[in-house]
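Owing to the predicted nature of the structure, the values given are computational and were not obtained by experimental measurement.
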Amino acid sequence: MSHAVRDTFSGHVRAIPGGEHLELCYSCGTCVSQCMVQQKADLNYNPRRLIRKAVFDLDKESFEDVTTWLCSACDLCYPACPQEIHISGVILAVRELAIQAGKSTPVKTARVNEQTCVACGLCVEAFPYKAIQLVDKKVPNRGLVSVSQVDAGKCMACGLCGAVCRSTSIGVEEDFSDDALMNGLWHWLNPAAEVTP
């Protein structure tokens, strides 16, 4: 790879493991047709459009694209891709570059109440995207304790952490209650259904 190619945005994406097959995409749209995020969460989510932006070195547009932040790396698209591109790898490479550029997710991510977190680790084990870890931290009025910490660059706001937390110390909404979580999940799964107050 020449020095000129390496210094482009697409070159940086290709240099990150997972992004090396960026230019194999011919925008057939199979990935979009397989994606639950596009079907259930956000109609603007479109992996093929993000890949085109990256190929054409549109870094700012790529960082602002909701697709960069919403990919859950579930890989439903991967076996369907006729070019055998690991699409989530490309998207996560773009996300990594966005974070390096100081960008942050527009997704409302999970938050931890460090005053009540008991560091049981249930949220770490249940979380499918490896965005939560236990860290030792000085917490006001508690001293040095272990608490859960959320990586906003990986959090998908799925609410699973709140569903398993026995101390209700973590969740996506300000109201971490089971009722609020279940109503949110039910609405996401079935937007046409009426949510109970």
Are [X] and [Y] linked, directly or through other ILVMFWY residues, by side chains that come within less than 4.5 angstrom of each other?
| X | Y | answer |
| --- | --- | --- |
| L122 | V145 | no |
| L92 | V13 | no |
| L160 | V147 | no |
| V112 | V124 | yes |

Kindly compute the distance separating [atom1] ([X]) from [atom2] ([Y]), expressed to the nearest 0.5 Å.
| X | Y | atom1 | atom2 | value |
| --- | --- | --- | --- | --- |
| C165 | N113 | SG | CG | 9.5 Å |
| H21 | C81 | NE2 | SG | 10.5 Å |
| C155 | I132 | SG | CD1 | 7.0 Å |

Judged by atom type as modelled, is there a donor-acceptor pair below 3.5 Å linking the side chain of [X] to the main-chain atoms of [Y]?
| X | Y | result |
| --- | --- | --- |
| W69 | E64 | no |
| T68 | S62 | yes |
| E20 | G18 | yes |
| D57 | S10 | yes |
| N46 | R49 | yes |
| Q83 | L24 | yes |

Are any non-hydrogen side-chain atoms of [X] and [Y] less than 4.5 angstrom apart?
| X | Y | answer |
| --- | --- | --- |
| C77 | C35 | no |
| S148 | L134 | yes |
| V150 | I170 | yes |
| I91 | L70 | no |

> Does the side chain of H86 come under 3.5 Å of the side chain of D75 through a donor N or O and an acceptor N or O?
Replying inline: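 Their side chains do contain a donor-acceptor pair, which is all the 3.5 Å distance test asks for.
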Shortest non-hydrogen separation from [X] to [Y] and the atoms involved:
| X | Y | result |
| --- | --- | --- |
| V32 | P47 | CG2-CD, 3.7 Å |
| S167 | S169 | OG-OG, 2.6 Å |
| C25 | R52 | O-NH2, 3.0 Å |
| A93 | I16 | O-CD1, 3.6 Å |

> Can you name the salt bridge (charged side-chain N to carboxylate O under 4.0 Å, His left out) partners of E23, sequence neighbours left out?
Replying inline: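 Listed in chain order: R14.
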Can I get a per-line list of side-chain donor-acceptor pairs under 3.5 Å for residues 135-142, giving both atom names and the distance, sequence neighbours left out?
{"from": "D136", "atom 1": "OD1", "to": "S146", "atom 2": "OG", "distance (Å)": "2.5"}
{"from": "K137", "atom 1": "NZ", "to": "E114", "atom 2": "OE2", "distance (Å)": "2.6"}
{"from": "R142", "atom 1": "NH1", "to": "E114", "atom 2": "O", "distance (Å)": "2.5"}
{"from": "R142", "atom 1": "NH1", "to": "C117", "atom 2": "O", "distance (Å)": "3.0"}
{"from": "R142", "atom 1": "NH2", "to": "C117", "atom 2": "O", "distance (Å)": "3.2"}

>> Let's go through M36 and C74 carefully: what are the C-alpha distance in whole Å and the side-chain angles of both, what is the deciding distance for side-chain contact (heavy atoms from CB on, under 4.5 Å) to 0.1 Å, and is it a yes or a no?
In response: CA-CA 9 Å; M36 292 303 292; C74 71; 5.9 Å; no
>> Walk me through whether I87 and I51 qualify under side-chain contact (heavy atoms from CB on, under 4.5 Å).
In response: CA-CA 9 Å; I87 309 245; I51 290 172; 4.2 Å; yes
> Of V55, L58, L97, which meets side chain to side chain contact (heavy atoms under 4.5 Å, CB included) against F9?
Replying inline: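 Testing each of V55, L58, L97 against F9, the sole residue satisfying side chain to side chain contact (heavy atoms under 4.5 Å, CB included) is L97.
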>> Between I85 and Y78, is the side-chain contact (heavy atoms from CB on, under 4.5 Å) condition met? List the steps.
In response: CA-CA 7 Å; I85 301 169; Y78 181 50; over 6 Å; no
> Around atom CD of E84, are there more than 12 heavy atoms of other residues, nucleotides or ligands at under 6.0 Å?
Replying inline: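 No, not enclosed.
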